[in-house]
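Take a look at the structure below.
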Amino acid sequence: MKIKDAEIIALMQDPRTLEKGLRVLMDAYQSRLYWHIRRIIVDADLAQDTLQETFIKAYQNFHQFKNDSQLYTWLYRIATNEALQQINKLKRMQKTDEDPEYYMQNLVADNTHSDAEEIQVFLQKAIQSLPEKQKLVFMMRYYDDLPYEEISKIVDMSVGTLKTNYHYAKQKIEEYIKENYER
């Protein structure tokens, strides 16, 4: 039986059941949040660390959840912010002469075993070439199939701006594929 958000919220709001509520929350959203973070960060270990940070922030700040949005929207916003902070940390930690964007693009595995995997890797490289906002909007819309209204709440952008960013992201991905895909 799938637990409803209202039950999770009730558990999290009661100090006696807060820890149980956190376990239930993690069980309910761990997979979706991990893959959302993973598409932003790409590196599996860093994505797992970011997921843990997301749940820690949710636990520490649950008192700030106002119930004016869906629970997953609130969690996605935390996860998105944590993932973007991790990317910014990577950019600041330039220990080598490599460009951080180059590093992020090369985190995508180059070893492919099938055409489907090869296409997925190529798509990931195309997505990694996008500017941050476009990348974020594209992944939430394309992979998570979130409505623009939900994405708007998560990233704090107007729906019109989101649609524009998504449109440009699609165009840039198409251009990237046309220019770089060799068969």
Side-chain angles (χ1 to χ4, degrees), residues 26 28-55 57-58 72-73 75-157 159 161-183:
M26 289 171 69
Y29 289 101
Q30 186 165 352
S31 181
R32 287 173 69 190
L33 289 174
Y34 171 77
W35 287 108
H36 169 66
I37 293 167
R38 177 77 190 270
R39 285 187 285 272
I40 296 170
I41 293 182
V42 181
D43 181 76
D45 292 334
L46 191 54
Q48 189 64 44
D49 291 346
T50 305
L51 176 65
Q52 295 308 314
E53 285 298 317
T54 298
F55 284 123
K57 288 266 170 76
Y72 83 85
T73 303
L75 291 169
Y76 266 56
R77 185 171 195 152
I78 294 171
T80 300
N81 289 338
E82 287 298 309
L84 292 175
Q85 284 179 1
Q86 286 295 336
I87 286 174
N88 287 334
K89 281 182 195 174
L90 281 176
K91 288 179 180 179
R92 285 192 306 266
M93 291 176 26
Q94 294 179 17
K95 293 183 180 179
T96 66
D97 293 335
E98 282 185 18
D99 180 83
E101 293 299 320
Y102 176 80
Y103 171 75
M104 290 301 292
Q105 288 176 8
N106 287 317
L107 283 175
V108 178
D110 286 328
N111 299 334
T112 56
H113 299 88
S114 70
D115 286 344
E117 287 177 15
E118 183 180 333
I119 291 168
Q120 270 304 327
V121 168
F122 191 76
L123 177 59
Q124 284 303 314
K125 287 181 179 181
I127 292 169
Q128 291 303 317
S129 74
L130 295 172
E132 280 311 313
K133 285 182 182 178
Q134 290 176 11
K135 184 187 322 180
L136 197 56
V137 171
F138 181 82
M139 290 187 297
M140 287 183 185
R141 185 80 177 138
Y142 181 80
Y143 287 112
D144 299 327
D145 200 27
L146 293 177
Y148 287 113
E149 293 75 20
E150 290 298 320
I151 299 171
S152 174
K153 292 175 187 173
I154 293 168
V155 298
D156 199 25
M157 259 190 243
V159 171
T161 301
L162 291 172
K163 288 180 178 179
T164 301
N165 274 293
Y166 185 72
H167 174 75
Y168 285 131
K170 283 189 343 185
Q171 278 184 331
K172 287 179 182 176
I173 288 171
E174 287 173 13
E175 288 171 19
Y176 183 92
I177 290 170
K178 287 176 187 173
E179 291 173 8
N180 298 292
Y181 192 67
E182 297 173 11
R183 261 325 224 170

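Everything quoted here is computed from the prediction, not taken from an experiment.
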(message) Holding to side chain to side chain donor-acceptor pair (under 3.5 Å), I want the full list of residues that pass it with Lys57, two or more places apart in sequence or in another chain.
(response)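 Side chain to side chain donor-acceptor pair (under 3.5 Å) list for Lys57, sorted by chain: Glu82.
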(request) Please list, chain by chain and in numerical order, all residues satisfying side chain to side chain donor-acceptor pair (under 3.5 Å) with Ser152, sequence neighbours excluded. (result)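 Ser152 satisfies side chain to side chain donor-acceptor pair (under 3.5 Å) with no other residue.
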(request) State which residue, out of Arg38, Gln85, Gln86, fulfils the side-chain contact (heavy atoms from CB on, under 4.5 Å) condition with Thr50. (result)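 When side-chain contact (heavy atoms from CB on, under 4.5 Å) is applied between Thr50 and each of Arg38, Gln85, Gln86, only Gln86 qualifies.
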(message) Is the ring pair Tyr143/Phe138 parallel, tilted or perpendicular, if the boundaries are 30 and 60 degrees?
(response)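 The arrangement is perpendicular - the two ring planes meet at more than 60°.
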State, with a plain yes or no, whether a side-chain heavy atom of [X] is found less than 4.5 Å away from one of [Y].
| X | Y | result |
| --- | --- | --- |
| Lys153 | Tyr76 | no |
| Phe55 | Leu33 | yes |
| Gln171 | Tyr168 | yes |
| Tyr72 | Asp144 | no |

About how many Å separate [atom2] of [Y] and [atom1] of [X], when rounded to the nearest 0.5 Å?
| X | Y | atom1 | atom2 | value |
| --- | --- | --- | --- | --- |
| Met139 | Ile151 | CE | CD1 | 11.0 Å |
| Leu162 | Tyr148 | CG | OH | 8.0 Å |
| His167 | Lys172 | NE2 | NZ | 11.0 Å |
| Leu51 | His36 | CG | NE2 | 11.0 Å |
| Lys125 | Ile177 | NZ | CD1 | 13.0 Å |

Where [X] and [Y] come nearest, the two heavy atoms and their spacing:
| X | Y | answer |
| --- | --- | --- |
| Thr80 | Val155 | CG2-CG1, 4.4 Å |
| Gln128 | Arg39 | NE2-O, 3.5 Å |
| Ile41 | Ala47 | CG2-N, 4.2 Å |
| Ile37 | Ala83 | CG2-CB, 4.4 Å |
| Met157 | Val137 | CE-CG2, 4.4 Å |

(message) Heavy-atom count check: over 12 atoms from other residues, nucleotides or ligands less than 6.0 Å from Tyr142 OH?
(response)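 No, not enclosed.
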(message) Tell me whether Lys133 at atom NZ has more than 12 heavy atoms from other residues, nucleotides or ligands lying less than 6.0 Å away.
(response)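 12 or below, so no.
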(request) Considering only NZ, NE, NH1 and NH2 on the basic side and carboxylate oxygens on the acidic side, decide whether Glu132 and Lys135 come within less than 4.0 Å. (result)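 Result for this pair is yes, salt bridge flagged.
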